[in-house]
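The structure appears right after this line, and notes come after that.
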Amino acid sequence: MEKRKKWSSSVLFIMACVGSAVGLGNIWKFPYITFENGGGAFVLIYLFAIFMVGLPILLAEMLIGREAEANAYDSVKKLAGKVKSWRIIGALALFSSFAILSFYSVVAGWTLDYFFNAVTGNLAHLTFESTGPHFGAFVANPLKQVGYHTVFMSLTAFIILRGTKGIEKAIEILMPILGVLILLVAGVAISKYGSAQTLDFLFTVDFSKVTGHGILEAFGHAFFTLSIGLGAMIVYGSYFPREHSLGKAAIWIGILDTVFALMACLMIYPIIFGSGMNVKESSSILFTTLSVELQQLPGGQYICALFYLLVAFAALSSTISLLEPIASFAEEHWKISRKKATLVSAFSIWFLGLASALSNGASDLFTSLKVMDRLDYLTSNWTLPVGAFLVALFCGWWLSDEIKTRELGLKKNDTLYFMWNFLIRIVSPLILLIVFIYKLLQ
Ligand code: PFF
């Protein structure tokens with residue numbers, strides 16, 4: 001059998017996973033849902049969700065991949081033996097990555113337009129009044145929507161064509177630049193507006209501000225941001241050489257993903273608080289009010305351009321991790337070449353993405369069907385958490401202690417192993433069940 005290609009180093013593996021984890025979820029979604037849910041207490045619940053539920057499942061996914069050395073579908077199939085019903089995990093994973101990438105690429109494309117327009121000074125004329133209508137007209141322009149979606153899917157496919165080598169090359173360039181850019185933009189925002197109010201907002205815990213809905217949102221977002229529940233981490237884990245520690249990698253991924261999310265708040269909140277911005281429409285703030293405010297900073301035009309470039313980079317390192325599970329499935333399952341697998345997968349996702357691209361005003365039919373919103377809701381609220389729930393059960397109750405301890409480099413009676421197994425067998429599934437029941441009752 002041909003030997004599986006592996007990451008060149010543990011650091012590159014961690015960087016690729018952090019690249020997958022850090023994306024629009026961190027820069028666009030986390031700041032606004034934290035804002036809507038009142039700050040400190042929400043952040044605390046989110047941290048609990050990441051470290052007590054998300055990380056154990058992340059570790060489970062990477063372990064499954066490394067043990068089986070295959071794409072998500074075939075990994076689960078291989079480890080499940082004769083029990084066919086577990087294959088639902090793989091099928092669900094394929095569905096989720098397909099659906100998420102189809103609309104994620106559209107939003108990622110928006111960052112390209114904002115980047116180009118910022119560089120050429122075309123955003124300079126925007127005011128607080130005109131920025132909303134400008135954004136509205138942009139997302140309703142079919143040519144631009146399809147065009148940028150096409151560019152983003154092509155960039156993603158170009159990287160995935162070369163498999164792990166392609167991902168490593170992209171990640172080596174994208175991640176350090178992303179780190180520097182986020183520090184730079186946060187530094188400029190803080191030096192103009194100060195950070196006291198932001199820190200106060202993020203770290204003053206007041207539980208009276210949290211609602212049941214907020215708690216659910218914190219859990220749902222924890223899965224989305226860690227890229228778990230859809231097989232991306234199973235595939236990335238399958239390329240991880242056996243001599244490195246999975247546990248350490250998972251902890252690094254959890255910490256760095258959280259640091260990037262908090263840094264995004266440190267970049268965006270000082271501007272919101274300092275300028276007294278009206279944040280009623282907080283979900284589209286990244287493309288509306290913020291674009292006007294960024295221009296007011298020292299070196300505004302360029303800081304604004306850098307900002308959108310940063311978001312584009314973060315999104316690209318995530319889209320590659322959404323295409324890889326599908327391309328690797330097509331390649332390994334149907335035994336076709338990587339090139340064919342990538343092109344077929346990317347084309348089909350691009351095609352489905354057209355419905356999302358045209359669903360914000362460009363086409364009456366797709367707009368009335370709310371394709372993008374519905375796909376986002378379906379995946380973030382249902383298919384990802386259900387996928388994560390099944391992975392927890394599969395790894396917790398089906399996989400043998402022998403496999404798990406070997407993969408984790410622990411012994412059966414180690415406290416750490418006991419704790420992780422307990423989290424994945426009992427705590428995570430139970431919390432997820434409560435989440436599902438609550439959602440159904442709503
Ligand atoms: N984690 C990414 C983000 O926060 O933007 C989104 C994502 C990427 C989800 C890859 C799932 C995935 F497999």
Side-chain angles (χ1 to χ4, degrees), residues 15-34 46 49-50 54-55 57-58 61-62 65 71-73 89-90 92-111 152 156 159-160 167 170-171 174-175 178 182 217-238 250 253-254 256-265 283 286 310-329 345 349 375-388 391:
M15 272 167 80
C17 293
V18 173
S20 165
V22 175
L24 296 171
N26 302 61
I27 301 174
W28 161 68
K29 203 164 176 194
F30 182 74
Y32 95 73
I33 58 175
T34 302
Y46 169 80
I50 290 276
L55 277 198
I57 298 181
L58 170 67
E61 289 204 359
M62 299 191 315
N71 63 81
Y73 185 86
I89 298 180
L92 208 59
L94 283 172
F95 170 81
S96 297
S97 9
F98 206 92
I100 294 184
L101 183 50
S102 75
F103 69 80
Y104 198 95
S105 155
V106 175
V107 180
W110 296 349
T111 62
F152 219 91
T156 307
I159 295 169
I160 289 301
I167 301 178
I171 287 294
L174 296 179
M175 292 315 284
L178 183 62
I182 204 164
E217 200 156 27
F219 278 92
H221 187 62
F223 296 126
F224 185 79
T225 190
L226 286 178
S227 307
I228 53 179
L230 51 55
M233 292 303 182
I234 298 184
V235 184
Y236 273 20
S238 75
I253 297 162
L256 288 172
D257 183 59
T258 308
V259 167
F260 269 99
L262 293 173
M263 283 301 297
C265 292
S283 66
L286 201 68
L310 172 158
V311 190
F313 278 9
L316 185 59
S317 61
S318 294
T319 52
I320 53 184
S321 75
L322 282 160
L323 183 56
E324 178 62 22
I326 303 167
S328 62
F329 167 80
S345 322
I349 296 165
L375 282 179
D376 183 16
Y377 176 81
L378 178 70
T379 48
S380 313
N381 285 277
W382 290 103
T383 62
L384 284 196
V386 170
V391 164

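In listed order, ligands and their atoms are each counted from 1. In what follows, every heavy atom counts, from backbone to side chain, and hydrogens, waters and symmetry copies are set aside. Please read these numbers as outputs of a predicted model, since none were measured by experiment.
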What is the nearest protein non-hydrogen atom to atom 13 (F) of ligand 1, stated with its residue, atom name and distance?
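Heavy-atom neighbour on the protein nearest atom 13 (F) of ligand 1: L230 CD1, 2.7 Å.
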Look at ligand 1 and say whether I100 reaches it with a heavy atom at a distance under 4.0 Å.
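No, that is not the case, since the closest heavy atom of the residue is not under 4.0 Å from the ligand.
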Report yes or no: does S20 have a heavy atom closer than 4.0 Å to ligand 1?
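Yes; S20 lies near enough to ligand 1 that a heavy-atom distance drops under 4.0 Å.
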Who pairs with F30 by ring pair (Phe, Tyr, Trp, His ring centres under 6.0 Å), at least two apart in sequence or on another chain?
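Only Y46 meet the ring pair (Phe, Tyr, Trp, His ring centres under 6.0 Å) criterion with F30.
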Within the distance-only criterion (no hydrogens, no angle test), does the side chain of E61 pair as donor or acceptor with the backbone N or O of G229 below 3.5 angstrom?
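The answer is yes, because a donor-acceptor pair under 3.5 Å joins these two groups.
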Can a donor-acceptor pair be found, under 3.5 Å and without considering hydrogens, that links the side chain of D257 to the backbone of I253?
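Not a single qualifying donor-acceptor pair exists.
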Numbering as shown, the atoms of ligand 1 that approach [X] to under 4.0 Å (heavy-atom distance):
X    : value
G23  : 3 (C), 4 (O), 5 (O)
T225 : 1 (N), 4 (O)
A232 : 13 (F)

Looking at ligand 1, does any of its N/O atoms fall within less than 3.5 Å of an N/O of [X]?
X    : result
Y104 : yes
L24  : yes
G25  : yes
F224 : yes

Among S317, A21, S321, S227, whose heavy atom sits nearest atom 7 (C) of ligand 1?
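Checking each option, the heavy atom nearest atom 7 (C) of ligand 1 is found in S227.
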4.5 Å side-chain heavy-atom contact, V391 and I228:
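Sidechains of I228 and V391: no contact.
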So do the side chains of S317 and I171 get within less than 4.5 Å of each other, counting heavy atoms only?
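Side chain of S317 against side chain of I171, heavy atoms only: contact under 4.5 Å found.
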What's the spacing between L94 CG and S345 OG if we round to 0.5 Å?
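Spacing of CG (L94) from OG (S345) equals 9.5 Å.
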Rounded to the nearest 0.5 Å, what separation is found between the CG atom of L178 and the CG atom of N26?
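Going from the CG atom of L178 to the CG atom of N26 covers 9.0 Å.
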Please, which pairs that meet salt bridge (Lys or Arg N to Asp or Glu O under 4.0 Å) have at least one residue in residues 318-328, sequence neighbours excluded?
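Those involving residues 318-328 are E324-R338.
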